[in-house]
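Counting starts at 1 for both ligands and their atoms, in listed order. Quick note: numbers below take in every heavy atom, side chains included, and nothing from hydrogens, waters or symmetry partners.
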Amino acid sequence: MRIDILTIFPEMFEVFLNTSIIKRAIGNKKVEIKIHDIRKYSKDPHKKVDDYGYGGGRGMVLMPQPIFDAVDDIKTKDSKIILMTPQGKKYNQKEAYNLSKEKHLIIICGHYEGFDERIRTLADLEISIGDYVLTGGELPSMVITDSVVRLLDGVIEEESHLNDSFNNNLLDYPVYTKPVEFRGMKVPDVLLSGHHENIKKFRQEEALKKTKERRPDLLEGDNYE
Ligand code: ADE
């Protein structure tokens, strides 16, 4: 897979791309990720990328020209173009699976008080990562990238994501490591028993219990619409 991210803050991605699983996935050529500075595409002599909104009342608005030119430059016939905005479709694990099947993602990070409405015409999909407003689309684009890359073949063990929270509309079951007892809290006996059937049953029951307690909406099956 290839992911191109369009941003006015490329430096925000340095640590993200050079840490842990994302770094390894890039090193192992499971994904190619390129960060593009929108400013580079500006035709303004001062490399301006934003200006005051017509009609007043708002702050600076991202201009269409640099973003359209960047997309023209990067787009291929396989590209899926995503715009990060709090007005987009709310993101979830099912959408992450869908995106992980694509060959090429182009992610546009909005910023400041907004972006020119015409930029929306570029997008195949507008995504919000939740009902809150961030200062820009950079963190949301990292959320999308992280959640998609971990699903690509060979990035993490498949078993890990088969058991993810939200798979089968269930939250994840609890896990424990050493020591067997810590500050009076014991690892459940069944996990030490070596009895695979009982362990599987325990995990299913715990996942269901936790989901009922914390996220009953997931069991209603309407969370992925
Ligand atoms: N940009 C600012 N807030 C956002 C959000 N919640 N989701 C996606 N993009 C955003």
Side-chain angles (χ1 to χ4, degrees), residues 1-17 19 21-22 31 33-42 48-55 57-71 74-75 79-102 104-152 164-166 214-215 217-218 222-225:
M1 172 182 268
R2 181 181 166 101
I3 304 177
D4 288 276
I5 301 176
L6 275 53
T7 171
I8 53 172
F9 295 121
E11 65 276 15
M12 281 182 76
F13 294 83
E14 278 163 25
V15 175
F16 173 61
L17 297 181
T19 307
I21 290 167
I22 301 299
V31 64
I33 304 178
K34 194 144 188 249
I35 309 299
H36 303 267
D37 188 346
I38 294 171
R39 256 173 241 286
K40 229 184 63 193
Y41 289 92
S42 172
K48 239 164 81 119
V49 288
D50 53 9
D51 213 325
Y52 294 101
Y54 285 120
R58 296 283 290 266
M60 303 301 270
V61 176
L62 280 178
M63 297 188 294
Q65 176 273 316
I67 295 180
F68 272 72
D69 282 1
V71 168
I74 296 161
K75 197 168 135 181
S79 307
K80 177 139 192 153
I81 303 176
I82 300 167
L83 182 61
M84 301 314 310
T85 162
Q87 298 170 14
K89 184 178 174 205
K90 208 189 290 173
Y91 194 58
N92 59 29
Q93 189 64 17
K94 186 176 171 200
E95 196 63 54
Y97 273 101
N98 290 342
L99 294 181
S100 73
K101 305 291 175 229
E102 297 286 339
H104 184 207
L105 303 179
I106 298 177
I107 308 180
I108 305 170
C109 306
H111 224 274
Y112 294 113
E113 277 77 16
F115 47 81
D116 187 288
E117 188 69 13
R118 291 164 289 192
I119 291 170
R120 288 191 197 283
T121 63
L122 287 171
D124 298 308
L125 184 62
E126 295 185 18
I127 296 181
S128 162
I129 61 161
D131 291 341
Y132 42 85
V133 181
L134 300 164
T135 54
E138 281 72 17
L139 290 171
S141 77
M142 291 185 225
V143 168
I144 304 297
T145 301
D146 189 285
S147 61
V148 167
V149 169
R150 67 186 285 284
L151 294 175
L152 299 178
D164 282 344
S165 282
F166 307 114
R214 298 180 177 207
R215 292 293 305 276
D217 58 303
L218 292 177
D222 61 356
N223 58 313
Y224 286 150
E225 280 160 20

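In this structure, CZ in Phe9 is found 10.0 Å from CG in Asp37, a value given to the nearest 0.5 Å. The structure places OH of Tyr41 at 6.0 Å from NE2 of His36, a figure rounded to the nearest 0.5 Å.
Short contacts between ligand 1 and Ile127, defined as distances under 4.0 Å to a heavy atom of the residue, involve ligand atoms 8 (C). Distances below 4.0 Å separate heavy atoms of Gly136 from the following atoms of ligand 1: 1 (N), 2 (C).
No N or O atom of Val133 sits closer than 3.5 Å to an N or O atom of ligand 1. Residue-to-ligand polar distances place Tyr132 within reach of ligand 1: an N/O pair is separated by less than 3.5 Å.
In this structure, Ser42 contributes its side chain and Arg39 its backbone to no donor-acceptor pair below 3.5 Å. At least one donor-acceptor pair under 3.5 Å links the side chain of Tyr132 to the backbone N or O of Ile129.
The backbone and the side chain of Ser128 each have at least one atom closer than 4.0 Å to an atom of ligand 1 (non-hydrogen atoms only).
Here the heavy atom of the protein found nearest to atom 9 (N) of ligand 1 is Thr85 N, 3.2 Å. The closest protein non-hydrogen atom to atom 4 (C) of ligand 1 is Pro86 CD, 3.6 Å. Nearest non-hydrogen protein atom to atom 7 (N) of ligand 1 is Ile129 N, 3.0 Å. Nearest non-hydrogen protein atom to atom 3 (N) of ligand 1 is Leu134 N, 3.0 Å.
Between Arg2 and Asp4, at least one side-chain nitrogen of the basic residue sits less than 4.0 Å from a carboxylate oxygen of the acidic one, meeting the salt-bridge criterion. With respect to the salt-bridge test (charged N to carboxylate O, under 4.0 angstrom), the residues Lys89 and Glu126 do not qualify.
Residues Ile81 and Leu125 fail the side-chain proximity criterion, which asks for heavy atoms closer than 4.5 Å.
Using a 4.0 angstrom heavy-atom cutoff, Gly130 counts as in contact with ligand 1.
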